[in-house]
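Have a look at the structure below, then the notes.
For ligands, and for the atoms within them, numbers begin at 1 and follow the listed sequence. Bear in mind that the values here come from a model prediction, so they are computed numbers and not experimental data. Just so it is clear, the values below take in all heavy atoms, side chains as well, and ignore hydrogens, waters and symmetry mates.
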Amino acid sequence: MFSTRVKLTAAFVAGLIAITITLFLAILAARSNAVYHDIAQYAAAQGDLAARVITDADQAGEAVMATSDTALIPLLTPRLANRLQSVPGYIVVVDTAGRAVYRSPDVMRLQGIDMTTLQTQLQDLPQSGEALIFSLDSLQEKVLFVSHSLAGSPRGLSRIASGALATRATAVPREYMLDAVIIVSLIIGAGGVGAFVYLGSPQRQLAQITTEMAAITDGRSLHRRLSLGAEATDFSDLTTTLNAMIARLEMSFAGLRRFTADASHELKTPLAVLRADVERAMMESSSQTERMVALEEALQEVRRMSDLVESLLTLARADEGRFDLHREPVELQPLVQEVYETALILGEAQGVTVNLPFTADVMVMGDRTRLRQLFLNLVTNAIKYTPAGGKVELGLGRHPDNVTFAVRDTGIGISAADFPHIFERFWRADRVRSRMSERGGFGLGLAISQWIAQAHGGTLTASSRLGRGSLFTVTLPLGGDGQRQ
Ligand code: ADP
């Protein structure tokens with residue numbers, strides 16, 4: 001297969017050939033037009049000269065026509081004919097009956113067949129001064145004739161047809177052809193070489209981008225970028241776009257690696273605990289009670305792992321864009337009331353006061369189970385991260401365009417340094433402590449909550465101050481027919 005460089009050069013050369021040939025033909029046409037005019041002018045001048053000879057003789061009172069009765073065709077007087085012979089070229093004087101009363105020596109030299117052609121062609125010769133070109137076989141030439149009117153004076157004569165050889169007006173001179181072929185070949189050759197050389201630069205740049213891309217995308221070099229030369233080239237935009245793509249790939253590969261490492265790490269701890277519990281339960285020296293305690297603990301770890309796997313599956317589906325949401329009109333007030341009642345029980349166990357000072361009668365289009373999961377995540381976090389004696393407040397509000405569900409707590413809050421990470425997967429403000437303590441989340445709750453809010457066309461936002469508490473707000477678009485007050 002030909003390279004793009006060769007194909008583009010070929011297209012350029014083809015264009016060049018077409019343009020040069022068109023130009024050549026145009027020059028040729030212009031040139032033959034000019035020669036044609038020159039010849040026509042020359043012929044007309046000879047005609048004028050002949051006419052002047054005749055009219056001068058007539059005006060001087062000389063006889064114009066021979067008066068011999070024996071002649072079948074009337075002729076000019078021999079004296080006048082003699083004088084006319086000094087006018088060179090093909091001259092034919094025609095009388096009013098269309099008969100040739102004088103033929104110049106050049107005309108007389110024509111052979112029979114050409115004489116007939118001349119006779120018929122001259123009958124068609126336009127009076128207007130327009131020229132007529134036709135071939136004469138015996139001469140193997142073309143001749144051009146123009147007509148000169150003699151109407152009026154002297155009596156009996158109609159016009160003079162004067163002609164000159166015209167082959168050079170229609171034929172392309174050989175040396176001209178040779179020049180043209182040399183010039184055209186030079187132009188095409190130079191153009192082709194020029195185009196090929198010029199196209200070499202983009203081809204080299206493209207080849208360089210391809211080589212660098214191949215080296216980068218081997219999987220281990222995503223930190224590298226394509227080199228952008230100092231000068232802007234046709235490929236600068238492409239290079240910038242590819243670099244941006246590599247950066248995004250690098251980020252998502254890093255995210256994927258971190259996610260896999262975190263997930264395996266999170267599974268490692270409960271698996272180790274589970275193994276220890278099972279070994280303890282299987283020890284012969286263990287009492288029945290000890291065995292029951294070990295199995296109870298093992299069951300708890302299994303539940304924990306199930307929760308983790310469930311959360312990971314949810315996020316994996318969200319990443320794939322498979323939002324398995326079962327949308328239906330959902331009355332939020334009863335849902336929030338339900339969440340509030342659960343929160344009361346959880347809060348009581350933690351020594352945290354839970355309040356629901358205001359709710360609104362609102363409806364959204366959504367997945368009831370997912371919305372409950374979202375609200376419960378925020379409420380359990382608020383209770384989890386609020387020490388005994390603190391307060392957690394829930395609120396459901398209706399606004400002109402949307403609905404908000406807010407959870408405010410007076411808990412430990414989040415530091416400014418930690419805050420940007422709270423929606424990241426597996427992120428926890430204090431990993432060690434939260435895994436060891438009964439708080440023990442996986443750091444996936446807020447990531448899932450954010451996905452649920454976004455999958456409903458809404459948002460999850462937060463604000464927090466370390467030691468002062470946090471506020472998490474879910475905003476959902478109003479939906480369904482029942483947009484009530
Ligand atoms: P976890 O299961 O660890 O709670 P989340 O994704 O729900 O995971 O939360 C991520 C981290 O954000 C938590 O580990 C905690 O450090 C912080 N966080 C979440 N909610 C609150 C809150 N109400 N108060 C203080 N910190 C919070």
Looking at Ala382, which atoms of ligand 1 are within less than 4.0 Å of one of its heavy atoms? 23 (N)

Atom indices of ligand 1, in the order listed, that fall short of 4.0 Å to a heavy atom of Gly443: 1 (P), 2 (O), 3 (O), 6 (O), 8 (O)

Give the numbers and elements of all ligand 1 atoms closer than 4.0 Å to a heavy atom of Ala429. 14 (O), 16 (O)

Got a donor-acceptor contact below 3.5 angstrom from the Arg5 side chain to the Ser201 backbone? no

Asn381 versus ligand 1: do any nitrogen or oxygen atoms come within less than 3.5 Å of each other? yes

The atoms of ligand 1 lying under 4.0 Å from a heavy atom of Ser470, numbered in the order shown, are 22 (C), 24 (N), 25 (C)

Which ligand 1 atoms, with their elements, are less than 4.0 angstrom from a heavy-atom of Leu444? 6 (O), 8 (O)

Are Ser449 and Asn377 close enough that a side-chain donor and a side-chain acceptor fall under 3.5 Å? yes

Using the ring-ring contact (aromatic ring centres under 6.0 Å, His included) rule, take Phe375 and Phe405 through it: C-alpha gap first, then chi angles, then the decisive distance, then the call. CA-CA 8 Å; Phe375 296 165; Phe405 172 73; 4.1 Å; yes

His421: what forms a ring-ring contact (aromatic ring centres under 6.0 Å, His included) with it, not counting sequence neighbours? Trp427

In terms of its nearest heavy atom to atom 9 (O) of ligand 1, the top option of Asn377, Leu446, Leu471 is Leu446

At their closest point, which heavy atom of Ala43 faces which heavy atom of Ser162, and how far apart are they? O-OG, 2.6 Å

Test item, Gly413 contacting ligand 1 (heavy atom, 4.0 angstrom): yes

Yes or no: does Phe472 have any heavy atom under 4.0 Å from an atom of ligand 1? yes

Checking the N or O distance criterion of under 3.5 Å, is ligand 1 in contact with Gly445? yes

Atoms in ligand 1 with a heavy atom of Phe442 nearer than 4.0 Å: 2 (O)

Taking atom types as modelled and ignoring hydrogens, do the side chains of Thr240 and Asn243 form a donor-acceptor contact shorter than 3.5 angstrom? no

Could you state the interatomic distance from CG (Leu249) to CE (Met245), rounded to the nearest 0.5 Å? 5.5 Å

Run down the list Trp427, Phe423, Tyr385 and name the one with the heavy atom closest to atom 22 (C) of ligand 1. Tyr385

Could you check whether Gln203 and Thr4, counting side-chain N and O atoms only, form a donor-acceptor pair closer than 3.5 Å? no

For Lys384, counting its heavy atoms only, list the atoms of ligand 1 lying under 4.0 Å from any of them. 1 (P), 2 (O), 4 (O)

Does the side chain of Gln300 pick up a donor-acceptor pair with the side chain of Glu296 at under 3.5 Å? no

